[in-house]
Structure formats: structure tokens, C-alpha cells
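The structure under discussion appears below in the form of C-alpha cells.
Because only heavy atoms are used, hydrogens play no part in the values below, and waters and symmetry mates are left out as well, while side chains stay in.
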Amino acid sequence: MERAQDRAAEQTAERYEGPAPGRYDDRTPGGPPLGSLPSGSPPLGEYEDRAAEWPARRPAEPDTDLELLVHGVGGTTPEAMLGDPRTVRVSGDDTAAVFRRTEDVEDTGEAGEGGPAGSAPDGRGPRGGPVREAYVWCNLTSGDGSRALWLLLLPFMVVNLAHWMRPAATGRPRTVRLYGLLVRLTALTLTVLLVAAVCEVALDLVAWQCASAPACVRRHSWLGFLAPAGPGAPAGAGGWWSAPGRRLALAAAVPTALTGLLWYLSHRTWSAYESHRPLSPDPEPDADATAPDATAPEADATEPEGGARPDPRGSALARPGFWYGRRLVARLRAAHTAAGLLTVAAAVTVPAARFDRGLGGPGALDVLGWALIAALAAGAVTVAVVVCRRGRSEHRLDRRLDRHLDRCLPLGALALLLLALLYAGWSRPGWQSAGRLPGVPAFGVLMLVQGLVIIALAVVARLLYRRRPDPRTGMRGLGGPAVALLACALGGVISGGVAQRVADWLDGTRALLAGPPALLTWQASVIPPLIAVLLLLAAALAVRTARLARAERARLRGEYPGEPEDPPRTRAIAHARAMAALTDSVPLVVAVLTAGTLLLGAVALAGAAATGKTPEGAAHRTPHLVQAVAETSQALGSWLVGLGFVLFVTWGRRAYKDASARRTIGILWDVGTFWPRAAHPFAPPCYAERAVPDLTWRMVTWTRRTGGRLVLSGHSQGSVLAAAAAWQLPPSVRTRVALLTYGSPLERLYGRWFPAHFGPPALAALHRDIACWRNLYRRTDPIGGPVRIPADTAGTAPEVDHEPLPDPRAYGRTLDHPLPAPILGHSDYPSDPAFTRERARLLTRLLPGLPAQRPDPS
């Protein structure tokens, strides 16, 4: 049987062989031509309400074959993917689209966007071979210059990943819900931290400290209208805005504007990227329907979020509503917007209420201050309840919106903010600003809450992991808590860096102002010790890599028998393999980084709380060695934070203007924004909520129209998109689809770090769902690897993984390779003969339907 399949595959490969494939870069999949959706088909949106009424597929006709190519991270061009400078867009828009070679469009009769139409229907060209289509999605993450603003959202993206890194476990719905709840609470603290950091800069450093210091106002004349009258005050001081409360009210416009910007970006990116409905034949209520906020039964009561209910197809990615989180994102967006506005209101209210309570001011203002504080506390509790109330609903396509909640919660918080501004701006004779703004200890409380929540998250993750232990799971199930901790640390470093840079700009001598809270200085001071630990770890990994390279050199001598020894060539190949193996050391690096961050963060919090001074001030009367260490750490940490802040701003500015730099940043978003926004609504948008429906609709409509065979070909991150789209296919279509992955991180990265969705049971279920699957990889590839489908109950392991492809193709110079063959690593898989052979074998295994008379087109 195998020999017959191989012979058929060879015949198919010879028959479909076209022009010799060219050279592609490391992000370019390729392959021979394959078929498409004919012209005259109704728009995809018209299938939405008729999905259940679709007729059975048309019997396949000879040579009705299609290969749908999906590129990987960083993006590429359709010309490079299809190996032809003349391409035509046949479906999609400027953001994401499907392309074909122009001659294939002319031959098949499918008119693209402005392309000509021929006469042959259903995707059959005159050559009788399959047609290639390229799905290009890179503009989803690296399109216009607004993507540069996404750098501000980096901590939000990282904490959103923690939601999806839950260990695989079944039968523990309450524990799964608790895990998601804790991640959402951690994400909420990050929003409060960001807004509080901006309040620290605008309200404390500028409006409270600098505007009240005559020397600081003289250095920054644009603050003159805020300065109070007094000895040494500049001309024009003592105006209406000079009252402390009014200064705070005016400065509150900055964090309020930031909160509004975050709301706008979240809403805009949802409309542009994630509002595309996935393929679902189930009837749903109208999209404009609303759900009562408190009386209607919540989905969590019957549908535990995140996979607590066993999935018949092995992964939550197969659920109808997985790629459509509209209701949850809207609720979280309302809650986080309200939390930001309430944070600004609290920063304005607390100093005024403290003055009214302490100096016996007007009784009406004192009562109003207490009432306002009580209202702010009630609003904070409401926000926490909304965040904890409901998670994701994935078992159905949930199109309802909680419109009353989504509108009333931010508007209510905005009303409280306006009342707080009015209250703080009321005239209070004798009120002067001195020292730091009251309320800065909130940073310490916030950091303590984050630490306690993450510790609880680690306990929950460990309980879930013990339910179904898998030694290949990253950090033994603690990957999610580790990533959540790193997100909080990243947010703290960014907040402290911004505050310190602004303080240095306002008061370079550090003699005029009290400066930012001591905790932010402590956080910056622990960066040098953490970097020292990472340098030691890097040295240890370098030693281990050198040892592995020596072992690979010994092994290479037996892999190329008969070749003359070439030591430099051997060292280069062995070094490439050893460097590729470093990817498997990522769990160790993350574990060391997380442990160091947790320990040093606890030291910073304890030191700031115990002394109330900076590290240099706290070590004033200690031994000289301790003083030297404290001074060096504080100075070096401040310098590193400043350098990081400058690089951050420079990189963002360059990305805004330079498309190539924007594509580099897009690689980060390609990996980090694959997952929907389940924890933080202000995270960068999920491109897969557009890409997966695109791929699913294309495959379903084409196979329903033609009944032909389809190979879904994905490289690198494209293989993850391909797998996600295959899970969403209806059963009648899955039997017509083969999956070809190469350079794929499905198991090596996604399976280890996201075990609940790409673990061994999920990949085994995917293998059972689709008609056939083949995976190619190299030992020199630092990203791709085998998918390691586990054996079935009978002990038979599926033959999905091809044996490692040789890289380079030839050790030395040969008749076929007169020049030295390159070490390809993660790139140019289509150039290997195994690629064409395995693709042809997949087409052979996709048995076509019986030929039948074509129905009358009329």
C-alpha cells in the first residue's frame, strides 16, 4: 500500500511540476499551483444565514486541486510566495487578502480585484495541474504607522498571554474559572498602574511639586500660570489656576486623555480586526440584541470558560465562538475604562479630602469629600465585580452585548471624575502643596496586591497541572503565572522609568523637588542585580551550547559518509544545530528571570515600606561596602531605565515613519497577538480573529463549490493559523483538506506553553479530524520541530512527522551542488525535494469523489 501511494505521489509530483522554485527568504512558503473559488460566487457574508442550508458538495472533477499557502512571522509578498512577479488579488482587502498568479486567474476564469476573467470554470487550468493561492496577512500586524502606538500596550499583551497558558485539565471547572478570574484581576491592576503612573507624572511631579517651587517654575516658564504668589515667584504667578486643587484638576486632563485613547484604540481595533464573524451554521440572535446585566443567566453558569468542559474535538479552538469574543471584550473595555477614570478621580479627590479633614475646613466640603470617596469605592467594587462576573463564552457564537453595562459603567465613572474635579477646584484658603502628593503609597499597595494575586495564580496553576502532568509542559504548568509576573514587572519598570525621566527633566539637580515615590526608585535599583543573574545564566548556556556543538561535530562525521573532512564546514553545521537547540532552554531562562524578579521585587517593596527612602538614603549609615552597592545599583538602575525609555521612544518614532522597522515590531505582535483578548481589552488586537475566519471561509466555499482536493500549507506561524482554521472546518469539508506544515512551532512552542489548547491530546484530535497531515522540520531550525502526535490506544504512533530534513543538502561540493550548499535553518523549505514529494503524497491520499455530470449552471 505504501509503495502504491509513493508511486502515485511521484506521478502526481511529475504531473504537477511547474517552473523550478526560486529562492525564498525565511518567511516564504511556496509550492506548485493549486484551484479556487470561481467567479460569480456570492459574497461570503451572504453565506452566513444560509450555512445550514448549503447543499452537499459537488462531486470532484479531475484536476480540481488547490494549495492554500499561509506565510509565517514578519510577512512576505504574494509575488515571493507564488514565485511570480505578476499576481492578482482574488479576494480580501488591503489588510488581508488571497492572491493568485495572473495567468492562473486568466486560465481559471476567476476575476480578481481588477484581474481579467477567462472561460474555464472551477479552477482548472489548461495545464491540468493544481492552482496555488497565497493568503497574505502581514498587514494585520505591520500595516500603517498607528501600529507604533501598540508599543505602549506591551505589558497588556504579555498579561493576556497568561490567560491562554493555563495547564491542560478536565473535570475542574471551578478551578479553571478561578484561574481566568485571577488573570483578569492581574490585568486590571496593570491598567490602574499605568494610569497611576501618568497621574504621578502629571499631578504629582508637575502640578503639585514643580508648580509650587519658584525655582522650578523659573526653569520651566510654561508653568508660570500655575505658580502661587509668594517671594521669588515669577511674574504672572498667583492666578486663578494657582490653587492646588485647580492645578490638580487641570493636570488630570493628561491621564484622562490617556484613558480615552486606550478606549478609542480598543474600540477601533475591534471594529477593524476582530468584528469578523467566524463560520457558524448555528442560528444566533441578532447582533444588536442586548443582554440584561444582572438578571439574565450568565454563560459561565452553564459553559465554563477556557476548556473546563471536555471538547469532543480535543481543543477549545474547535468551538464555534472561540474566535469571536465580542461580548467579553466590550465588558472588559467598559470596566478598564471605568477603572482608569476612577484612578484619576481618586488622585484628585484624596489630597483635597485630606486637607478638609485635617484643618477643619467647611463642613459641607468635608461631607462632600467623604461622600465622593465612598462613591469612588463603590465604583471600584462595581468594576471588580464586572471583571470577575463573566469570562469567555466559547461553546456558542455569542453576539449579544450588555449595552446598558457597556455604556453606563464608563459614563458613571466619568461623572464621578467630573464631580471630583469640581470638588478639588473649590476655593480653599490656606491650602498649599508641599512634599509629595498625598496618596503615593498606593503604588506599594498595588504592587503588594499584584504579588498576592500572582502567588494565588501559581497555586491554582499547579493544582491544574497535577490533574494531568506532562513533563514537556513549560515550567511544569507555571508558565502562566510567570508571564503574568513579568507583565507586572514590565509595567512597573515602564512606570518608574517615565517618572524618573520626567523628574530629572524638571529638576536635574534633584535639589528642588521631592521626586517620585521611593518605591519606583527601588524598582529601578534592582535591575542591575537582575541583569547580573541573567548574564551568569547566559554564560552557563554558552558553555552548554559549546559542549553540544562538540557532540554534534562527532555525530556529523557519520552522517556524510565518503565526504572529505572539512573542519570549518563541520563546525558551522554543528554550531547551527547547537544554537537551534537553545530554544528548548527558554523555560529555564523564564524560570530564572521570574524567580529573580519575584525575589528582588519583594526586597524593593520591603525596603521602600520600611525606610521610606531611596536605596542610597536607606544605606546612609551602613558599612561602606553596602553604601557603595546601594549607590551603584541606584545610579546604574536609573541610567538603564533612562536608556530603555529613550530606546523605547526612539523605536516607536522610527516604527511610525519606517515601514521596515514597523515590520520588525510586527514580528513581536505576530507571536503575542495570536490569542484573543480574554484578559485585557487594551492589548493589541488579535489578528487571528480576522485570519482564521478568512481561511475557513475560503476553504469551505471553495470545496463546496468544486468538491476538489485542498492542501493547506503553512510555514512557521502560518502553520498555527492553518491548524486553527482546520479546527473550525465542518466535518464535510475536513475530509477534503490535507495539512502540510513546515518549520512549525505547533508542539515545540505552542504545545509546551499553551498545553490546554495545543497539547498532545489536542494535536492528536486534530490529526483525527483532518484527512491527512504531514510535518517537515530540520535540526538546524530554532523555531520549527516535530509535532510528536502521541500513539493511540492500540500503541500505533501516527506518521505525521517526516524524518529531519538534511541541512545543508550537501556537505561539500558535488555534481548537483557545485557551490557550497547553504545552511537554511528556518527558511526555504520548498527548495527541499521532500516538500514536493510530501505535498504530492497528500494530494494522492485525498481521494477525489466519483466523476459525475456537471449540473446545469443556469
Practice prompt. Could you tell me whether His575 atom NE2 has more than 12 heavy atoms of other residues or ligands within 6.0 Å of it?
Written response: no
Return the set of residues passing side chain to side chain contact (heavy atoms under 4.5 Å, CB included) with [X] (not counting sequence neighbours), or none when no residue passes.
X: Arg466; result: Arg462
X: Leu464; result: Arg166, Pro167, Ala169, Arg172, Thr175, Val176, Tyr179, Val460
X: Leu534; result: Leu593
X: Ala723; result: Trp727, Leu746, Leu766

Practice prompt. Apply side-chain hydrogen bond (donor to acceptor under 3.5 Å, both in side chains) to the pair Tyr811 and Thr570, showing each step before the final yes or no.
Written response: CA-CA 8 Å; Tyr811 179 82; Thr570 301; 2.6 Å; yes
[X] side-chain N/O to [Y] backbone N/O, donor-acceptor pair under 3.5 Å:
X: Asp807; Y: Ile573; answer: no
X: Arg467; Y: Ala168; answer: no
X: His71; Y: Trp137; answer: yes
X: Arg690; Y: Leu140; answer: no
X: His757; Y: Tyr750; answer: no
X: Asn160; Y: Ala679; answer: yes
X: Arg778; Y: Ser827; answer: yes
X: Arg577; Y: Arg779; answer: no
X: Thr545; Y: Met579; answer: no
X: Arg677; Y: Val329; answer: no

Discussion item. Listing request: all salt bridge (Lys or Arg N to Asp or Glu O under 4.0 Å) pairs with a residue in residues 469-488, at least two apart in sequence or in separate chains.
Written reply: Arg472-Glu747
Practice prompt. Give every residue pair that meets the salt bridge (Lys or Arg N to Asp or Glu O under 4.0 Å) criterion with at least one member in residues 580-599, sequence neighbours excluded.
Written response: Asp584-Arg748, Asp584-Arg752
Worksheet item: Could you go step by step and tell me if Trp323 and Cys686 meet the side chain to side chain contact (heavy atoms under 4.5 Å, CB included) rule?
Response: CA-CA 9 Å; Trp323 299 109; Cys686 168; 4.1 Å; yes
Item to complete: Just do the side-chain hydrogen bond (donor to acceptor under 3.5 Å, both in side chains) check on Ser719 and Ser744 with the steps written out, would you?
Response: CA-CA 6 Å; Ser719 67; Ser744 173; 2.8 Å; yes
Discussion item. Are Trp675 and His163, when compared by the centres of their aromatic rings, separated by less than 6.0 Å?
Written reply: no
Discussion item. Between Leu317 and Phe758, is the side chain to side chain contact (heavy atoms under 4.5 Å, CB included) condition met? List the steps.
Written reply: CA-CA 9 Å; Leu317 275 73; Phe758 286 97; 3.6 Å; yes
Item to complete: Give a yes/no verdict on a cation-pi contact between Arg319 and Tyr324, requiring under 6.0 Å between NZ or CZ and the six-membered ring centre and an angle within 45° of the axis.
Response: no
Discussion item. side-chain hydrogen bond (donor to acceptor under 3.5 Å, both in side chains), that's the test. Do Ser713 and Tyr742 meet it? Break it down for me.
Written reply: CA-CA 8 Å; Ser713 178; Tyr742 39 101; 2.9 Å; yes
